[in-house]
Amino acid sequence: MKFLPFILRNLKRKKTRTILTVGSIAVALFLFGLLVTIETSLNAGVDVAGADRLVVRNRISLIQPLPLSYQQRLRQMDHVTEATHASWFGGIYQDERNFFPQFAVDTQTYRSVFTEFVMPDDQWQSFLGDREGAVVGKSTAERFKWNIGDRIPIKGTIFQGAWEFNIRAIYEGKTAEADETQFWFHYDYLDESRQWGKGLVGWYTVKIDDPDSAVDVAAAIDERFANSAWESSTETEKAFAAGFAKQIGNIRLIVLSIGAVVLFTLLLVTGSAMATAVRERVPELGVLKTLGFGDGTVLGLVLAESVLISLVGGGLGIGMAKLFTLSGDPTRGMLPFFYLGPDAMALGLVLAILVGLMAGVIPAVTAMRLRIVDALRRV
Amino acid sequence: MAIPISYNIRSVGARWINAVVSVLGVAGTVGVFLAMLAMARGFQATLISSGSPDNVIVLRAGADSEMTSAVSLDQVRIIGDAPEIARSSDGAPLVSPEVVVIGAFPMITTGTDANVQIRGLSERVLEVRPRVRIAEGRFFQPGLAELVVGANAVTTYRGFNLGETVEIGGQDWRVVGVFSTDGSAFDSELWCDSVLLNQTFGRSDNVYQSVTARLKSRDDFTSLKDTLTSDPRMTVDITGEQAYYAKQSQAVSMLIRVLGFLVAFVMAIGAVFGALNTMYSAVAARAREIATLRALGFGGFSVVTSFVLESIFIALVGGVLGCLAVLPLNGFTAGTMNWQTFSHLAFAFKVTPSLMIWGLGFAALMGLIGGLLPALRAARMPVATALREL
């Protein structure tokens with residue numbers, strides 16, 4: 001610790017270089033934060049999926065419906081504590097670019113299955129009491145400046161016509177990762193008003209009492225509906241979300257390769273800056289050694305300088321990334337889970353320290369091995 | 001008087017470690033920038049090339065994609081009777097009424113299900129879309145449960161090789177042919193008889209989702225549009241096929257672009273920092289040289305130009321390296337989800353010469369920004385003090 005003022009002095013000597021090095025590390029870590037956010041966001045829902053929930057869809061594909069009558073039959077199955085359904089509405093609010101997901105849900109059961117969404121009870125009650133009522137997530141409500149009581153016109157694409165809904169409740173996620181963009185309304189309202197597809201729902205979400213038996217329950221459900229006109233395909237919510245994410249393509253690979261390119265470049269920049277700094281200071285290091293500072297101390301000093309720069313830069317970068325994600329999704333609605341978690345931030349700082357160590361190692365060892373005679377000769 | 005460029009090039013050689021760092025920084029940035037753009041372009045090109053300028057697509061009014069549309073057989077006939085529609089040699093109108101559904105099939109790479117478009121149509125499609133050619137096997141026979149699959153579908157999804165049997169909706173379908181449209185979105189689809197497809201999916205007969213029609217001449221589009229939209233029996237939207245597919249590509253290519261630009265922009269800042277660092281050290285280390293040059297009579301402006309050129313030179317080397325690194329990606333086929341149709345789609349990266357020129361321009365810009373400040377510092381250095389450092 002007593003060497004800290006000495007290290008700071010050294011860093012202040014070439015202010016431009018220090019600032020630039022800190023800057024490039026900050027940029028790299030900002031990018032790291034951004035990439036992690038994009039990756040989690042494209043893997044939307046995999047991390048937040050409930051382990052005790054199964055998704056039941058039509059075996060042909062998700063866009064084929066299932067009959068409403070399955071709800072009772074699903075409830076009777078072993079380990080199933082509740083079954084709720086939802087249907088994709090696919091409406092447009094004002095302009096096609098204003099995308100947000102709308103679901104016609106079973107109001108009796110939806111809230112008890114999706115407990116991660118919270119809202120004041122009186123709002124929920126007033127939603128139940130209004131046939132044209134709707135519940136909307138906080139981020140969508142903020143995006144369009146909707147308030148409770150507003151009447152929202154939505155143009156149906158699958159179910160034709162001009163639909164109108166009253167905002168009755170605004171939900172928030174219990175955790176920061178939760179999807180706050182959804183829009184729910186009464187399935188009954190949809191079913192009464194649509195011209196076709198009556199008595200059909202999009203998919204079921206089933207809550208089970210024992211996550212360990214998920215695979216067996218899923219198999220039992222599919223077996224029960226096998227050879228019927230509406231065969232089902234059941235998987236855990238996590239597998240369902242992961243399957244979706246995989247269709248988006250191998251984003252993880254792309255993100256990782258960009259991340260690797262960035263980190264490598266960054267290592268070079270920091271490393272070369274540190275090397276230059278040591279090279280310039282060779283005579284001084286000789287003086288230090290003459291005064292009796294050991295090889296270890298000199299090694300430590302150079303390493304500490306490098307790590308300090310990285311840490312400051314890394315902290316700055318991660319902080320900026322966090323601020324950036326707080327300002328919201330830059331693609332307007334295509335990345336609903338735009339969020340940088342504390343784990344990723346911690347990982348970023350660890351990376352910064354590692355970069356500092358690796359970049360400092362060669363110059364530090366050079367400094368350590370320096371022979372006093374050689375060093376002083378250059379004065 | 002200008003300082004000879006060979007001076008700069010030899011200087012770069014003398015301080016090559018620093019220069020290499022800058023070169024790699026710029027190369028990485030240009031590489032990422034180009035890869036992202038190549039991806040966005042490839043995706044867009046895949047969809048746009050699906051449409052032909054001679055074709056129009058008719059959907060139910062208000063539908064934003066084939067998924068949400070419905071057109072009845074009566075309406076198909078009215079469209080076919082329109083005078084603007086081209087006719088085949090046997091006098092039948094060149095219209096292709098199509099049924100589009102989605103089936104879930106496992107991808108070869110991950111084993112997880114992807115949403116694959118299944119298109120029900122008739123053999124007439126080969127005349128409406130002359131670009132479609134049967135690469136292997138034959139076209140399906142009407143009334144039989146047979147599939148012709150797109151060239152990309154064969155390589156992306158499991159179980160679609162020629163001769164294999166696939167179960168869809170409780171019925172076994174035999175793969176009898178492979179078709180190719182040279183990389184358009186159709187290449188990710190499965191084609192079969194529309195009547196059978198409607199039956200299998202329990203949909204009413206005589207209802208289609210879209211009608212693709214070939215025009216006698218491209219100029220007839222407006223008159224056809226007027227005829228159809230003013231007909232009281234029709235509630236349809238009519239769009240040029242290319243415009244329709246361009247719109248389908250919007251969301252995903254915008255996503256890739258926004259993210260690509262964001263990432264490249266941030267990386268560019270990092271690369272400029274790297275370049276600045278290199279150039280500042282170069283200026284500092286060469287203080288005496290610069291002072292000597294000034295003493296010899298080279299003006300401040302020559303020094304600035306010289307250093308900026310040096311920086312641009314370093315950046316351009318990086319830019320070329322970045323372009324070369326991305327070049328192998330050209331033609332690389334990736335798959336992604338097209339949100340607008342809710343289905344999986346294979347597309348190829350497109351690294352075009354114009355894209356590479358953009359990349360080099362981007363590199364030069366980074367070099368310019370990274371070199372300007374250090375160059376100004378070099379020019380401002382007092383000659384006497386710098387020489388005294390000898």
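All values below come from the heavy atoms of this structure, side chains included, with hydrogens, waters and symmetry mates left out.
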Exercise. Side-chain contact, heavy-atom cut-off 4.5 Å: B/Met267 with A/Leu31?
Worked result: yes
Exercise. Are B/Leu262 and A/Phe324 close enough that some pair of their side-chain heavy atoms sits under 4.5 Å apart?
Worked result: yes
Exercise. What is the distance from atom OG of B/Ser65 to atom CD1 of A/Ile158, rounded to the nearest 0.5 Å?
Worked result: 8.5 Å
For this session: Give the member of A/Leu62, A/Ile60, A/Val27, A/Val261 that has the highest number of heavy-atom pairs under 4.5 Å with chain B.
Result: A/Ile60
Exercise. Based on non-hydrogen pairs under 4.5 Å, which of B/Ile269, B/Ile102, B/Leu24 is most in contact with chain A?
Worked result: B/Ile102
Seminar exercise, completed: The interface call for A/Leu35 against chain B, heavy-atom contacts under 4.5 Å, is side chain
Exercise. Side chain, backbone, both or neither: which part of A/Ile92 has a heavy atom under 4.5 Å from chain B?
Worked result: side chain
Seminar exercise, completed: Separation between CG (B/Asn115) and CD1 (A/Ile63), nearest 0.5 Å, reads 8.0 Å
Seminar exercise, completed: So, the part of A/Leu34 with a heavy atom under 4.5 Å from chain B: the answer is side chain
Exercise. Taking NZ, NE, NH1 and NH2 as the nitrogens, is one of them in A/Arg59 or B/Asp113 under 4.0 Å from a carboxylate oxygen of the other?
Worked result: no
For this session: Flag yes if more than 12 heavy atoms outside A/Glu223 fall under 6.0 Å of its CD atom; otherwise flag no.
Result: no
For this session: Tell me, yes or no, whether the heavy-atom count around B/Ile108 atom CD1, taken from other residues, nucleotides or ligands under 6.0 Å, exceeds 12.
Result: yes
For this session: Inspect the surroundings of CE in B/Met107 and state if more than 12 heavy atoms from other residues, nucleotides or ligands are less than 6.0 Å away.
Result: yes
Problem set entry | Nearest atoms (heavy-atom pairs only) where A/Thr157 meets B/Arg60 | O-NH2, 2.7 Å
Exercise. Is the count of non-hydrogen atoms from other residues, nucleotides or ligands lying under 6.0 Å from B/Asp205 atom CG greater than 12?
Worked result: yes
Exercise. What part of A/Ser233 gets closer than 4.5 Å to chain B, counting heavy atoms only: side chain, backbone, both or neither?
Worked result: neither
For this session: Select, from B/Leu345, B/Val263, B/Thr110, B/Val32, the one with the greatest count of heavy-atom pairs under 4.5 Å involving chain A.
Result: B/Val263
Problem set entry | A/Gln64 side chain near B/Phe201 side chain, heavy-atom distance below 4.5 Å | yes
Exercise. How long is the gap from CD1 on B/Ile118 to OG on A/Ser61, to the nearest 0.5 Å?
Worked result: 7.5 Å
Seminar exercise, completed: What one should report as the nearest heavy-atom pair of A/Leu20 and B/Asn277 is CD1-N, 3.6 Å
Problem set entry | Largest heavy-atom contact set with chain B, pairs under 4.5 Å, which of A/Lys14, A/Arg57, A/Lys155, A/Glu235 | A/Arg57
For this session: Would you indicate whether the side-chain heavy atoms of B/Thr68 and A/Gln160 approach each other to under 4.5 Å?
Result: no
Problem set entry | Shortest non-hydrogen contact between B/Gly270 and A/Ser24, atoms and distance | O-CB, 4.3 Å
Problem set entry | Nearest-0.5 Å distance, CD1 of residue A/Ile19 to CG of residue B/Leu276 | 11.5 Å
Exercise. Just by modelled atom types, is the B/Gly169 backbone N or O under 3.5 Å from a matching donor or acceptor in the A/Glu231 side chain?
Worked result: no
